[in-house]
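Here the structure is laid out as structure tokens; the discussion comes afterwards.
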Amino acid sequence: MYSLKTAPKKEPLRPETLSGQFYYLQNFHQVLDSVEALYEDILPPSSREFIEHFRHLPLDAQALLIRLHSRKGPIIREDKLSYPEIGDVAEAIRLLADVRWLQVNPPVTEDYLLATLTKAEISAGFGVPQHGLSRPAMLATLHVTPAEIYATFATRFLLLTCHEYLQPLLDAFFGSRDQDLSAFIVSELGHIRYPDYPLERRSRRFHSTGDLQEYADLEDTYSRYREWRADPEAPLEDLLELVPLIPAIARNRPWRYRCDRLINRIGRACERAGEVERALELYAMSELPPARERRVRLFAATHDWYSAYTLCLQMQEAPADYSERHFARFFMPRILKQLGLPAASRRPAPRIQRLEGGKPEDRPELRAMQALGTDNGDWHYVENWLFNAWLGLWFWDVIYSDAPGAFTHPFQIAPHDLYEPGFRQRREKLIRQRLAMLEEGSLSERQQVLLETWQAHEGKANPFVGWYEGGAALLEKAHAHIPARHIRVIAERWLSDLRNHRSGFPDLIQWRHDGGYELVEVKGPGDQLRPNQTAWLQFFGEEGIPARVVYVA
DNA sequence: CTATTAACTG
DNA sequence: TTCACACAATCTC
DNA sequence: GATTGTGTGTCTCAGTTAATAGGG
Ligand SMILES: [Mn+2]
Ligand SMILES: [Mn+2]
């Protein structure tokens with residue numbers, strides 16, 4: 001792989017000697033150092049080799065590789081490179097090509113090459129008219145081979161081929177694919193301020209080379225699924241090819257959720273294409289709702305009432321979440337009827353208040369506020385913001401406390417395991433303390449805690465607190481009007497499933513003159529309660545928390 | 001020719 | 001990419 | 001009424017540049 005001529009120099013590049021214009025290379029070296037420190041023994045051998053050889057490349061070659069990696073690609077034209085800080089780009093290209101991390105004029109199909117050419121260039125190069133034609137229309141009439149393109153244009157076409165070595169390093173560093181090297185810049189420029197959390201004793205999110213491989217396979221398959229979705233012409237067969245690529249189900253792995261979500265989405269696509277058997281197979285692999293609901297519906301649609309009954313019964317007795325509980329409750333009577341079994345009596349429909357008033361062009365929530373009037377107190381349109389902000393502040397220190405595998409790099413908005421099962425269990429002691437604090441001390445002391453937390457962290461990126469103007473005042477009101485017991489039981493339910501229980505709160509809240517409060521969910525015509533809203537409303541009813549639904553005509 | 005969009009940058 | 005929502009089309013009861 | 005799918009607004013870090021679409 002490495003010829004003598006390009007054999008590594010003895011001394012690796014020392015990133016601390018880099019000047020500011022190589023900021024992006026400094027950042028990448030930080031990634032390498034961090035990943036080596038945390039995951040040295042489980043990195044794939046090819047990635048370890050990559051690191052070793054990368055460190056020994058000359059500065060220009062290192063810099064060019066990272067510059068190219070930050071481009072969209074996949075094909076990049078040499079004549080479009082303008083990097084004054086890199087002295088000899090041609091030499092850097094030669095070095096990268098020598099170690100096979102880069103291909104010059106690679107054997108790819110012509111569409112990748114054409115994507116780098118402008119309409120004017122294509123027109124001039126191949127004599128096709130460009131005026132009045134959209135790009136797709138122009139390309140439709142054009143038939144050229146890659147060889148012809150290479151012969152026609154003077155520039156070289158570059159393709160990075162080190163993705164398979166580089167990606168595991170970035171996966172290991174970020175722990176997910178939703179961030180890239182731009183996180184360094186965005187943070188440095190102050191566009192995003194991250195919360196403070198402990199990084200001194202980092203613990204691993206990946207525990208073996210297999211873990212890293214499995215996660216990479218999942219994400220690669222996921223992006224192929226997204227490509228399939230984006231193309232309306234793509235045949236179902238292309239999608240079905242992905243199914244065997246989905247990693248063997250990794251129970252208790254952090255990426256189980258993403259895995260099951262991908263399975264559910266492919267299953268849904270199969271349903272739309274009429275591939276019921278395929279869909280059933282896929283859903284059977286997934287534990288994530290609505291997999292079981294879809295199976296019950298498909299059994300029902302094919303009149304397999306016995307299978308529908310068996311599965312629906314399992315859902316009823318051990319619902320994975322509110323949506324399964326909700327579905328089993330309303331769908332079971334239908335199945336029982338088909339089987340000739342007696343159905344339990346229907347629950348009475350909740351009483352709904354109908355309101356009229358407000359300007360018809362306004363949003364239903366605003367119309368309801370006007371119609372409800374302010375005789376008993378002011379209304380505020382807070383929806384999910386209020387309780388998430390309140391609880392997000394109260395549990396701020398818990399969320400950003402040390403926990404196994406929670407924090408691995410400096411650009412995290414939340415702990416990696418925020419929405420994973422076991423989030424509470426891993427922080428049980430602290431959570432109990434914070435819950436107990438809710439009903440200890442004086443009202444003003446607790447209010448002080450909230451306000452100080454707001455002031456200390458205002459503006460920092462986080463999953464729950466939106467730092468809106470006037471938000472702190474609303475939270476003070478909430479603290480004064482909502483009894484501590486109400487907050488505590490809401491907190492318990494919120495903590496039990498942060499992903500699902502962070503939404504579904506009622507639209508409006510009223511601070512009543514009598515010191516109390518009331519929650520109101522507004523429904524306009526054509527809108528109905530969603531399962532997560534029903535779940536909270538039912539919970540509020542059980543706990544004696546004042547909440548109702550109003551319908552705006 | 002102008003408005004919109006995508007890519008790129010720090 | 002992700003929601004939360006409004007609304008339309010289609011089918012079933 | 002139930003179900004499913006679609007579109008919309010919101011939110012993406014902010015600012016510059018080049019390419020494209022589309023109208024006159
Ligand atoms: Mn709402
Ligand atoms: Mn509503």
Side-chain angles (χ1 to χ4, degrees), chain A residues 20-27 66-77 79-85 115-123 130-139 176-194 219 222-223 225-226 229-230 232 258 261-262 265 268-269 271-272 290 293-294 296-298 300-301 326-327 330-331 333-334 337-338 346 349 361-366 381 383-385 388 411 413 419 459 461 463 466 468 499-500 502-507 521-533 552:
Chain A
Q21 53 190 345
F22 291 102
Y23 68 92
Y24 53 91
L25 186 54
Q26 286 176 329
N27 296 340
I66 303 310
R67 279 294 202 186
L68 294 180
H69 181 260
S70 73
R71 291 247 197 160
K72 182 171 176 282
I75 301 294
I76 300 159
R77 280 165 55 172
D79 62 345
K80 294 289 180 186
L81 304 180
S82 170
Y83 299 124
E85 79 280 6
T116 69
L117 302 168
T118 68
K119 285 169 67 180
E121 286 168 329
I122 295 170
S123 174
Q130 61 165 317
H131 291 292
L133 285 178
S134 70
R135 192 182 171 94
M138 188 178 164
L139 292 180
S176 76
R177 290 243 175 129
D178 53 17
Q179 281 174 302
D180 54 34
L181 290 173
S182 69
F184 285 86
I185 312 296
V186 171
S187 169
E188 197 160 330
L189 294 178
H191 289 129
I192 297 181
R193 286 169 51 218
Y194 292 95
E219 291 298 342
Y222 219 123
S223 56
Y225 163 76
R226 278 192 289 265
R229 274 222 66 183
R258 286 186 68 78
R261 193 172 60 174
L262 176 58
R265 288 183 176 178
R268 205 56 203 264
E271 274 193 68
R272 286 191 198 106
E293 174 181 332
R294 297 315 308 169
V296 171
R297 285 186 188 278
L298 288 174
H326 178 84
F327 172 77
F330 84 82
F331 204 80
R334 215 182 285 185
K337 194 177 156 196
Q338 290 294 328
R346 282 218 169 169
E361 68 271 21
D362 280 344
R363 300 193 53 165
E365 291 84 358
L366 302 180
Y381 180 20
E383 218 168 46
N384 297 320
W385 176 84
N388 280 308
F411 313 112
I413 284 173
Y419 294 130
Y468 296 109
R499 189 197 294 278
N500 286 309
R502 57 169 301 156
S503 63
F505 288 100
D507 295 311
E521 170 56 35
V522 182
K523 286 297 162 195
D527 189 16
Q528 51 184 331
L529 287 175
R530 266 163 277 284
N532 58 349
Q533 296 176 325
V552 186

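Numbers restart at 1 for each chain; the letters A, B, ... are given by sequence-line order, proteins then strands.
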(request) Tell me, yes or no, whether the heavy-atom count around A:Glu188 atom CD, taken from other residues, nucleotides or ligands under 6.0 Å, exceeds 12. (result) no

(request) Can you tell me, in whole Å, how much space there is between the P of D:dG9 and that of B:dT4? (result) 15 Å

(request) Check the distance between B:dA7's C1' and A:His69's NE2 and give it to me in whole angstrom. (result) 16 Å

(request) Have a look at A:Arg502 and say if it touches a base, only the backbone sugar-phosphate, or nothing, with a 4.0 Å heavy-atom cut-off. (result) nothing

(message) Tell me whether the count of non-hydrogen atoms from other residues, nucleotides or ligands lying under 6.0 Å of CZ in A:Arg499 goes above 12.
(response) yes

(message) With rounding to the nearest 0.5 angstrom, report the CG to CG distance, A:Leu25 to A:Leu181.
(response) 10.5 Å

(request) Take the protein atom CG of A:Leu68 and the nucleotide atom C1' of B:dA7, then report the distance between them rounded to whole Å. (result) 15 Å

(request) When you get a sec, tell me which of D:dG5, C:dA4, D:dT3 is the closest nucleotide to the side chain of A:Arg272? (result) D:dG5

(request) Show your working on salt bridge (Lys or Arg N to Asp or Glu O under 4.0 Å) between A:Glu85 and A:Arg67 and close with a plain yes or no. (result) CA-CA 11 Å; A:Glu85 79 280 6; A:Arg67 279 294 202 186; 3.1 Å; yes

(request) Quick one: pull up CG in A:Leu68 and CG in A:Leu81 and give me the separation to the nearest 0.5 Å. (result) 6.0 Å

(message) I'd like to know if A:Glu121 pairs up with A:Arg77 as an ion pair, taking the criterion as any Lys NZ or Arg NE/NH1/NH2 lying under 4.0 Å from an Asp or Glu carboxylate oxygen.
(response) yes

(message) Quick check with a 6.0 Å cut-off and a 45 degree axis cone: is A:Arg258 positioned over the face of A:Tyr222's six-membered ring?
(response) yes

(message) Just to be sure I understand the rule, does A:Arg77 reach a base, reach only the sugar-phosphate, or reach nothing, if contact means heavy atoms closer than 4.0 Å?
(response) nothing

(request) Give the rounded distance in Å between these two atoms: CG of A:Asp178 and P of C:dC3. (result) 12 Å

(request) Using both distances under 3.5 Å as the test, list the Watson-Crick or G-U wobble partner of D:dT10, or none. (result) none

(message) Measuring only the C1' atom in each nucleotide, how far is B:dA6 from D:dT12? A whole number of Å is fine.
(response) 15 Å

(request) Take the protein atom OH of A:Tyr468 and the nucleotide atom P of D:dT10, then report the distance between them rounded to whole Å. (result) 11 Å

(request) Calculate the interatomic distance between A:Arg261 atom CZ and C:dT2 atom C1'; express it in whole Å. (result) 9 Å

(message) To the nearest 0.5 Å, what is the distance between CG on A:Asp507 and NZ on A:Lys523?
(response) 6.5 Å

(request) Rounded off to whole Å, could you give me the CZ-to-P distance for the A:Phe411 and D:dC13 pair? (result) 14 Å

Between the protein and nucleotides 8-10 of chain B, which nitrogen or oxygen pairs are less than 3.5 angstrom apart?
| unit_1 | atom_1 | unit_2 | atom_2 | d |
| --- | --- | --- | --- | --- |
| B:dC8 | OP1 | A:Arg71 | NH1 | 3.4 |
| B:dC8 | OP2 | A:Lys72 | N | 2.9 |
| B:dT9 | OP1 | A:Tyr83 | OH | 3.2 |
| B:dT9 | OP2 | A:Tyr83 | OH | 3.4 |
| B:dG10 | OP2 | A:Tyr23 | OH | 2.7 |
| B:dG10 | OP2 | A:Arg67 | NH1 | 2.8 |
| B:dG10 | OP2 | A:Arg67 | NH2 | 2.8 |
| B:dG10 | O5' | A:Tyr23 | OH | 3.4 |

(request) Classify the angle between the aromatic ring planes of A:Phe331 and A:Phe327 as parallel (below 30°), tilted (30 to 60°) or perpendicular (above 60°). (result) parallel

(request) Would you mind reading off the distance between A:Phe330 atom CZ and D:dA2 atom P, rounded to a whole angstrom? (result) 8 Å

(request) Would you mind classifying the nucleic acid contact of A:Arg334 as base, sugar-phosphate or nothing, using non-hydrogen atoms under 4.0 angstrom? (result) sugar-phosphate

(request) Can you check each nucleotide of nucleotides 5-12 of chain C against protein heavy atoms at under 4.0 Å and return B for base, S for sugar-phosphate only, - for none, in 5' to 3' order? (result) SSS-----

(request) Verify the contact: side-chain N or O of A:Arg265 to OP1 or OP2 of C:dT1, cut-off strictly under 4.0 Å; return yes or no. (result) no

(request) Decide if atom OH of A:Tyr83 counts as having more than 12 heavy atoms of other residues, nucleotides or ligands within a radius under 6.0 Å. (result) yes

Can you tabulate the close N/O pairs, meaning under 3.5 Å, that link protein atoms to atoms of nucleotides 20-24 of chain D?
| unit_1 | atom_1 | unit_2 | atom_2 | d |
| --- | --- | --- | --- | --- |
| D:dT20 | OP1 | A:Lys119 | N | 3.2 |
| D:dT20 | OP1 | A:Arg135 | NH1 | 2.7 |
| D:dT20 | OP2 | A:Lys119 | N | 3.4 |
| D:dA21 | OP1 | A:Arg135 | N | 2.9 |
| D:dA21 | OP2 | A:Lys119 | NZ | 2.7 |
| D:dA21 | OP2 | A:Arg135 | N | 3.4 |

(request) For B:dA7 versus C:dT1, give the span between their P atoms, rounded off to a whole number of Å. (result) 14 Å

(request) Take the protein atom CG of A:Leu181 and the nucleotide atom C1' of D:dC13, then report the distance between them rounded to whole Å. (result) 16 Å

(request) First locate atom CZ of A:Phe22, then atom CD1 of A:Ile66, and finally report the distance between them rounded to the nearest 0.5 Å. (result) 12.0 Å

(message) For the CD atom of A:Gln533 and the CD atom of A:Glu383, what is their distance to the nearest 0.5 Å?
(response) 7.5 Å

(message) To the nearest 0.5 Å, what is the distance between CD1 on A:Ile413 and CZ on A:Arg193?
(response) 13.0 Å

(message) It should be established whether A:Arg268 places a side-chain nitrogen or oxygen under 4.0 Å from OP1 or OP2 of nucleotide D:dG5.
(response) yes

